[in-house]
Protein chains: 2
Amino acid sequence: MTPGPVTIADVARHAGVSASTVSYVLSGKRAISAVTREKVLASVRALGFHPHAGARALAGNRSNIIALALPLRAGINVPVVMQFAAAVVDAARAGGYDVLLVTADEGAAGLRRVAGSALVDGLILMDVETDDERVPALRELSRPSVLIGLPADPTGLVCVDLDFARAGELCVEHLAALGHRRVALLGAPQAVYDRGTGFARRTRDGVRAAALRCGVHADAVPLEPVFPAALEALSRLGDTTALIVHNEGAVDHVLTALRTLGRRVPDDVSVLAICPDDVALAATPNVSNVQIPAAQLGRLAVDRLLERDDDTGVPAATLLPPMLTTRLSSLPPPIRSVR
Amino acid sequence: MTPGPVTIADVARHAGVSASTVSYVLSGKRAISAVTREKVLASVRALGFHPHAGARALAGNRSNIIALALPLRAGINVPVVMQFAAAVVDAARAGGYDVLLVTADEGAAGLRRVAGSALVDGLILMDVETDDERVPALRELSRPSVLIGLPADPTGLVCVDLDFARAGELCVEHLAALGHRRVALLGAPQAVYDRGTGFARRTRDGVRAAALRCGVHADAVPLEPVFPAALEALSRLGDTTALIVHNEGAVDHVLTALRTLGRRVPDDVSVLAICPDDVALAATPNVSNVQIPAAQLGRLAVDRLLERDDDTGVPAATLLPPMLTTRLSSLPPPIRSVR
DNA sequence: GGTAGCTGTTGAAGCGCTTCGACGACCGCC
DNA sequence: GGCGGTCGTCGAAGCGCTTCAACAGCTACC
């Protein structure tokens, strides 16, 4: 039944043409008459031919694989990462590429390994730190790469991300417009700020800048995504009337803690989140949020990576504009707070 | 600086030996004198040589890549899946293998594609359904594979998993021993049962069997991992004095719902969970749990896959025995319930 | 009627590596 | 001192594919 793997020569023989013709039919790189093409395709189907990936990579000088460097470390929110990953895989597959998983543990050496051995044609990095050891390595790689995130110095690199600074501003502006005068950012765990992860800091900076501009007082506190931490953070926040939660795993805990403290949402406290829509919709009550467009960013990253073949200049950093969706958790502050 | 990629011939020339000698040094498949070996290794380092993955796969008939088929669908708990994935990647890397990500979307066709094109040397599948279309495909693949999970008919396949039936029994036995007479299993979302995912059903069967044996009444209800669902499920459970939560994402919600209903844990209600330790420890109070040894299972799967080279018989299914860790959430039932 | 220009197909030359068989050098043994 | 046996190294073959240069057969045009 299975007399060893089928090669292109088998297909050529079966179809009564040469191996190169089969190759051209499959790649479409040369005109082939309709008759021949059909004959060849029929043989391909009949024999169940799958071109040998290694041979193809060797001869064609491209593996049709891209590397996805995923963070699997402290403080990151796993479901969000997986949304990115799923989008990247989908987009890559749609473009005829497979995805090789590289963990952040391997660091720059891992990237050099997979790129150096021609295992992958390009790389996508997530969870980029402000001063990431992998960033300089990337520049020397001779393979294209795209970062999801924004390092301190993006020169010569292609980056895509949500404009988190603007997202922070947007939240403050929204709350300020509602009349809030005292807001707080409940952010990522401390470890994420310490590590210099870009998105966390950029949001914080955006919140602070907008607060200054809008004449609003803004606190910013890191937060572990566990219930006691949420409770404790809230009890220390005093007469804050609005919260901005930039921590997917903590949204639920914050709402629960508010309930525990007897503070109603949105009547006593308004809550905004920067999180994917599904997290916002799973919360009770549904939380007004700036969406994290994971699927869109993942797809964009792949597109940027693959369009590099066409060498359309250097697109540099693309920061998607944030979008705030108003749901049930934000209202003007209670009367007693508006002097 | 970079005059194109370094080939084995460059290394051979630099070291003053033949290409085959370099190959043998690198693979260790033939005795090489210490002097020559050092010379070659020095040249490898000096030139920054990385063997071309495609060429290696072509000549050596192995790609040093394994496929990991990940579920990215409704009802699965993403962080747990990622724990498995991380363990698989780690173990694979330790064995000199890279990991290619294949999503469940691609189904059997995806497996045939990556195996048929010799892209991967072996496959690991997660989230196997009772009657999974991929399982028969696997048998025809001519590449080894390991399932994390247990299909209806595991004949001829290598499977590893936690013994969920035994886990369910263990929970009931523990609660029965404490004196509980009425327990409830809060399980996976309905969609997971409908799909026929093995672990959910096996746990339920284990719970029922042990309940019968121990003379305990056991309800089993599916549960979405959102707060309102937890609240609703609990309010309908009547005078149940103990809960078994087999749903990582719902553990927190169940505890919060109990708090909301004014039922204290463990004084009024005992709670057991089947979940990874970190979920149990992040809960308030810490929940007694049967651990899901994701890291161990991931590593085991890779080991099983790679030891196939040695062809040590057919190890068949390996079900790890469950371990119950008693923490703060389980006590004998309140007096009023013990007639 | 000759030539220029297409179109469709082919053979052959690699891509960079592994591995097989061969062989020279050197060991110890009778 | 000659012979079998290791040990260490090498040349060459080939893995299955892509792609280049070449060419046969046409059409079209002057």
Side-chain angles (χ1 to χ4, degrees), chain A residues 3-41 43-44 47-65 96 115-121 142 309, chain B residues 3-41 43-44 47-65 96 115-121 142 309:
Chain A
V6 182
T7 74
I8 200 171
D10 299 328
V11 176
R13 208 171 308 121
H14 186 271
V17 299
S18 76
S20 41
T21 299
V22 175
S23 178
Y24 286 126
V25 167
L26 261 22
S27 71
K29 295 200 176 173
R30 230 139 148 129
I32 297 285
S33 70
V35 178
T36 307
R37 178 175 28 256
E38 286 314 318
K39 234 175 11 186
V40 168
L41 291 178
S43 299
V44 165
L47 302 181
F49 171 64
H50 289 277
H52 188 289
R56 205 210 266 260
L58 179 54
N61 206 27
R62 56 216 296 283
S63 64
N64 283 297
I65 301 179
S117 64
L119 220 192
V120 302
D121 297 332
S142 82
D309 297 357
Chain B
V6 183
T7 74
I8 200 172
D10 298 329
V11 177
R13 208 171 307 121
H14 187 270
V17 298
S18 76
S20 41
T21 299
V22 175
S23 178
Y24 286 126
V25 167
L26 261 22
S27 71
K29 294 200 176 173
R30 243 172 212 203
I32 296 286
S33 70
V35 178
T36 308
R37 180 176 24 258
E38 286 314 318
K39 232 173 17 183
V40 168
L41 291 178
S43 298
V44 166
L47 301 181
F49 171 64
H50 289 276
H52 188 289
R56 205 210 267 258
L58 180 55
N61 207 26
R62 56 215 301 282
S63 64
N64 282 299
I65 302 179
S117 64
L119 221 192
V120 303
D121 296 333
S142 81
D309 297 357

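Excluded from the calculations below are hydrogen atoms, water molecules and symmetry mates; all remaining heavy atoms, backbone and side chain alike, are included. Just so it is clear: chains get the letters A, B, ... in the order the sequence lines come, proteins before strands, and each one is counted from 1.
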How far does the helix from C:dG1-D:dC30 to C:dC30-D:dG1 bend, going by the axes of its first and last five pairs, to the nearest 10°?
50°

Kindly say if [X] contacts the phosphate of [N], meaning a side-chain N or O under 4.0 Å from OP1 or OP2.
{"X": "A:Ser18", "N": "C:dT10", "value": "yes"}
{"X": "A:Ser33", "N": "C:dT7", "value": "no"}
{"X": "A:Arg56", "N": "D:dT18", "value": "yes"}

Mind listing the N/O atom pairs, protein and nucleotides 23-25 of chain D, below 3.5 Å?
none

What integer distance in Å separates [X]:[atom1] from [N]:[atom2]?
{"X": "A:Asn61", "N": "C:dG16", "atom1": "CG", "atom2": "C1'", "value": "11 Å"}
{"X": "A:Leu58", "N": "D:dG16", "atom1": "CG", "atom2": "C1'", "value": "9 Å"}
{"X": "A:Leu47", "N": "D:dG16", "atom1": "CG", "atom2": "C1'", "value": "15 Å"}
{"X": "B:Leu26", "N": "C:dT18", "atom1": "CG", "atom2": "P", "value": "7 Å"}
{"X": "B:Ile32", "N": "D:dC7", "atom1": "CD1", "atom2": "C1'", "value": "10 Å"}
{"X": "B:Asp121", "N": "C:dT18", "atom1": "CG", "atom2": "C1'", "value": "15 Å"}
{"X": "A:His52", "N": "D:dG14", "atom1": "NE2", "atom2": "C1'", "value": "13 Å"}
{"X": "B:Ile8", "N": "D:dG14", "atom1": "CD1", "atom2": "P", "value": "19 Å"}

A:Arg30: what forms a side chain to side chain contact (heavy atoms under 4.5 Å, CB included) with it, not counting sequence neighbours?
A:Tyr24

Working to the nearest 0.5 Å, report the span between CD1 of B:Ile8 and OG of B:Ser18.
8.5 Å

First locate atom OG of B:Ser20, then atom NZ of B:Lys29, and finally report the distance between them rounded to the nearest 0.5 Å.
14.0 Å

Please confirm whether the backbone N or O of A:Arg62 pairs with a side-chain atom of A:Asp121, one donor and one acceptor, at under 3.5 Å?
no

Can a donor-acceptor pair be found, under 3.5 Å and without considering hydrogens, that links the side chain of A:Ser23 to the backbone of A:Ala19?
no

Taking only distance into account, with no hydrogens and no angle test, what donor-acceptor pairs under 3.5 Å do side-chain atoms of residues 48-56 of chain A form with protein atoms, sequence neighbours excluded?
unit_1  : atom_1 : unit_2  : atom_2 : d
A:His52 : ND1    : A:Gly54 : N      : 3.0
A:His52 : ND1    : A:Ala55 : N      : 3.0

Min side-chain heavy-atom separation [X]-[Y] under 4.5 Å:
{"X": "B:Asp10", "Y": "B:Arg13", "result": "yes"}
{"X": "A:Leu41", "Y": "A:Leu26", "result": "yes"}
{"X": "A:Thr21", "Y": "A:Thr36", "result": "yes"}
{"X": "B:Val40", "Y": "B:Ile32", "result": "no"}
{"X": "A:Leu119", "Y": "B:Ile65", "result": "yes"}

Of the non-hydrogen atoms in A:Ala118 and A:Ser63, which two are nearest, and what is the gap between them?
O-CB, 3.9 Å

Here the residues of residues 9-17 of chain A within 4.0 Å heavy-atom distance, strictly under, of DNA chain C are A:Val17

With nearest nucleotides of DNA chain D determined for B:Thr36 and A:Gly54 from heavy-atom distances, which residue corresponds to the more 5′ nucleotide?
B:Thr36

Determine, for nucleotides 19-28 of chain C in 5'-to-3' order, which nucleotides have protein heavy atoms under 4.0 Å from the base (write B), from only the sugar-phosphate (write S), or from neither (write -).
BBBB------

